[in-house]
Protein chains: 2
Amino acid sequence: MIQKTNRMYLVEQVASQIEQLIESGHWPVGEKIPPEMKLMKQFDVSRNTLREAIRALVHAGLLETKQGSGTIVRSSNPLGATLKRYIKRSALLETLDVRLALEKQAAQLAAEHRNETDLSTLEACIQSSREAAENGNYEQFIASDIRFHQTIVQASSNQLLIDLYEPMVKIVYSFVQDLMAMDAPFKYEEELHLELFMAIQNQDKVAAASYIEDYMKVLRENIMRIKED
Amino acid sequence: MIQKTNRMYLVEQVASQIEQLIESGHWPVGEKIPPEMKLMKQFDVSRNTLREAIRALVHAGLLETKQGSGTIVRSSNPLGATLKRYIKRSALLETLDVRLALEKQAAQLAAEHRNETDLSTLEACIQSSREAAENGNYEQFIASDIRFHQTIVQASSNQLLIDLYEPMVKIVYSFVQDLMAMDAPFKYEEELHLELFMAIQNQDKVAAASYIEDYMKVLRENIMRIKED
DNA sequence: CCGCATTTGTTCGTATGTATC
DNA sequence: GGATACATACGAACAAATGCG
């Protein structure tokens with residue numbers, strides 16, 4: 001069986017090199033990459049070739065170009081941007097179902113694999129939520145909430161799960177952030193977080209999955225209630 | 001609050017138009033799109049601009065260019081290509097966990113929403129599997145198997161779930177297709193499929209989720225066993 | 001096998017719009 | 001406002017691969 005040569009064109013070579021520079025953190029998220037002129041010399045390609053490579057990564061959501069200013073790194077997760085764009089076109093309720101599926105699995109895995117660092121991060125999030133609720137700091141509350149859930153997913157130690165979950169939870173919150181008020185349901189949410197934390201601490205998979213289900217049920221009801229207005 | 005103008009550059013305009021032509025099926029998968037010269041006139045842009053747009057879609061996996069021949073449509077699902085590329089680099093066991101999460105949720109939703117068409121398709125898959133097993137037709141068996149699981153996910157009526165699941169199940173099978181032999185576990189799989197089908201038919205969410213868990217457990221054990229060789 | 005047209009790959013040059021100092 | 005740096009866009013040309021007669 002002869003392998004076909006499958007030639008790699010210049011543009012793809014440049015694109016994957018840039019991609020790797022981003023994923024490896026050599027070009028950190030939020031910072032500018034060198035201007036086209038320098039990159040042309042660095043990769044030893046023409047302007048159009050370089051631009052095609054950059055454009056491909058812009059479309060993929062890894063880069064963002066600003067005329068007159070430069071090109072900045074927007075994300076280091078190739079999956080994130082595509083997923084976000086896709087999810088934005090999807091129905092919110094569909095997204096919630098998928099989020100439930102992923103987070104439930106994550107919670108079970110987290111209950112198995114969690115280490116001390118995970119637990120202390122979760123505790124810090126709960127503490128931060130509580131403070132935010134007392135001070136009426138809505139933004140901090142949301143931020144802590146997101147961090148809490150993302151920590152659970154990260155504790156699953158499943159990178160694919162982590163990368164899929166990240167855009168999902170952010171989209172969900174971007175839908176509801178301007179709508180939800182800080183009222184009773186959030187108090188309930190606080191209790192749920194605490195119980196969920198203890199389940200993970202005790203490595204109780206069944207309870208962890210169950211609490212995630214409860215949480216998503218409450219979230220779904222809140223969203224439905226708000227949507228009626 | 002002033003909204004930033006968020007100007008849409010030519011390349012992005014052209015890219016999203018082409019994307020839509022692909023997604024709408026106007027340019028079917030597998031067929032060639034018009035050559036650059038015609039597209040330049042059609043979109044009224046220069047060659048470089050058009051090429052940057054095409055290159056973005058090539059990188060995203062929607063198109064494939066061949067020097068001297070032309071450009072063909074490779075996929076109509078923007079999520080599929082990116083996910084496949086990503087999953088291929090992931091660990092198989094991580095992918096299995098995510099697949100479990102998605103299919104479990106899908107089975108529960110399918111139990112709720114399934115219609116008569118879904119049920120008859122599932123029955124046909126089971127029948128096809130049985131025939132394939134009797135005739136020792138391994139390829140047909142695998143194909144029926146994939147179709148069975150995809151039908152369940154499609155019966156969930158959740159498009160996001162469907163699009164996420166598709167690349168996942170295909171990658172899993174591409175990992176194992178050359179490894180697994182048609183032996184005892186497949187018999188067990190057949191029984192599981194039948195029980196799963198009945199659970200969905202009876203709209204028994206709990207049982208459906210439970211059988212998916214069993215199925216994935218068996219699949220995982222088989223994979224682990226094969227890997228040891 | 002050869003020659004030729006078609007089509008994509010790559011490079012260079014030039015002009016313009018935009019942001020930053 | 002002016003100068004500079006940078007991305008945007010167009011046009012022309014040649015190279016390389018493919019396909020056809």
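Throughout, a chain's letter reflects where its sequence line sits, starting with A, and its residues are numbered from 1.
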Is [X] near enough to [N] that one of its side-chain N or O atoms lies under 4.0 angstrom from OP1 or OP2?
X       : N      : answer
B:Thr71 : C:dT8  : yes
B:Ser69 : D:dT18 : no
A:Thr65 : D:dC6  : no
B:Thr49 : D:dT8  : no
A:Arg55 : D:dT8  : yes

Give the rounded distance in Å between these two atoms: [atom1] of [X] and [atom2] of [N].
X       : N      : atom1 : atom2 : value
B:Leu10 : D:dG11 : CG    : P     : 12 Å
B:Leu57 : C:dT8  : CG    : P     : 14 Å
A:Arg51 : C:dT11 : CZ    : P     : 15 Å
B:Glu12 : D:dA9  : CD    : C1'   : 15 Å
B:Tyr9  : D:dA9  : OH    : C1'   : 12 Å

Examine the base of C:dT10 for any acceptor or donor lying under 3.5 Å from a partner atom in the side chain of A:Asn48, and report the outcome as yes or no. no
Output one line per pair: protein atom, nucleotide atom from nucleotides 13-15 of chain D, and distance, for all N/O pairs under 3.5 Å.
| from | atom 1 | to | atom 2 | distance (Å) |
| --- | --- | --- | --- | --- |
| D:dA13 | N6 | B:Arg47 | NH1 | 3.1 |

Among A:Asn77, A:Leu102, A:Asn158, which residue satisfies the side chain to side chain contact (heavy atoms under 4.5 Å, CB included) criterion with A:Leu164? A:Leu102
A:Ser128: partners by side chain to side chain donor-acceptor pair (under 3.5 Å), with sequence neighbours left out: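 A:Ser128 satisfies side chain to side chain donor-acceptor pair (under 3.5 Å) with A:Gln140, A:Ser144 only.
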Just to verify, what does [X] make a salt bridge (Lys or Arg N to Asp or Glu O under 4.0 Å) with, not counting sequence neighbours?
X        : value
A:Asp118 : none
B:Lys32  : none
B:Glu19  : none
B:Arg130 : B:Glu190

Who are the ring-ring contact (aromatic ring centres under 6.0 Å, His included) partners of B:His149, not counting sequence neighbours?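 Once residues adjacent in sequence are excluded, the partners of B:His149 under the ring-ring contact (aromatic ring centres under 6.0 Å, His included) criterion are B:His193, B:Tyr215.
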Pull out every residue in residues 33-43 of chain B that has a heavy atom closer than 4.0 Å to any atom of DNA chain C, ordered by number, or say none.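 The stretch gives B:Pro35, B:Glu36 as the residues lying under 4.0 Å from the strand, ordered by number.
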Between A:Ala81 and A:Ala60, the two heavy atoms sitting closest are CB-O, 3.0 Å
For residues 69-91 of chain A, which residue pairs pass the salt bridge (Lys or Arg N to Asp or Glu O under 4.0 Å) check, not counting sequence neighbours? A:Glu64-A:Arg74, A:Arg89-B:Glu23
